[in-house]
Structure formats: C-alpha cells, structure tokens
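Please read all numbers here as calculations on a predicted model, not as lab measurements.
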Amino acid sequence: MSAPSRPLLKSLPGPHSGPRAAAQAALGPAVGEPTGAARKGVRTAVGPDSQQGDGRYPVAWLRISAPGRAVPTATSKCLCGRDRSAVGHTKVLALIDDHSAHRDVCPLRTNQEGRQAA
C-alpha cells in the first residue's frame, strides 16, 4: 500500500493558529470587545428618538375595571389635580360622564387666550 500524497481534511496553519488561539476561541469574545458591524468599523451612536411626537401628551386618564360579575370600579385622574374614584354600576357610569365633561372645563386642555378674547 502506498501513503496518500496529501493530508486528508487537515487545515493549514494560519497566523492565528496554535494552542493559545484555540483557547481564546473557546472562551468567546472578551467583554466590551466589538462584535459584528462594530468590528468592521461601522459607526454607531444613540441619536434622537426617531418617533418624535406631534407635541401632544396625555393629560387625563380614566381607568375602568369590571372583571366578570364583580362590582365595577373606576378612577379618573387629571394633571390639573383632579382625582376621583367610584365603586358600583351607577357611580361608575356617573364618573364616566363627569370625566367626559371635565375635558371642556380643564384648565390644561382649554386655550386660555381664546377664553379671554371671547
């Protein structure tokens, strides 16, 4: 029998080969070491929020809880300082109407300049 003329499925040694390179590869990347696109030199930075709003923000909240056949509860809160709550069917319905009416009289929602001009 003759010996094969070339090695079978054996990789050639490269610049990062040897026992030390194998040990480092087994441990994985070091903490803080750039990976992926950062390793290739792609710049990344945290920029301004891409979802910029239109200037609107929530002022008043109405939370209603009516699980199954339990007694319903509701809470109405506003940034102007209004904080009311109700327990029971009729009182919760009344608070919902009161919360809706508060939209028209809330000092944070009404335009003060238009009020004085009228």
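- Atoms NE2 and CZ, from H99 and R84 in turn, are 11.5 Å apart once rounded to the nearest 0.5 Å.
- If you run side chain to side chain contact (heavy atoms under 4.5 Å, CB included) between S76 and each of L62, D83, I64, only L62 comes through.
- To the nearest 0.5 Å, atoms NE2 (H102) and SG (C78) are separated by 3.5 Å.
- Across all their heavy atoms, A86 and K91 have their closest contact at CB-O, 3.4 Å.
- For the atom pair L79 CG and W61 CH2, the distance stands at 4.0 Å (nearest 0.5 Å).
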Given T75 and L95, is the side chain to side chain contact (heavy atoms under 4.5 Å, CB included) satisfied, shown in steps?
CA-CA 8 Å; T75 306; L95 182 62; 5.8 Å; no
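- Contact record, C80 with L108: N-CD1, 3.3 Å, taken as the closest heavy-atom pair.
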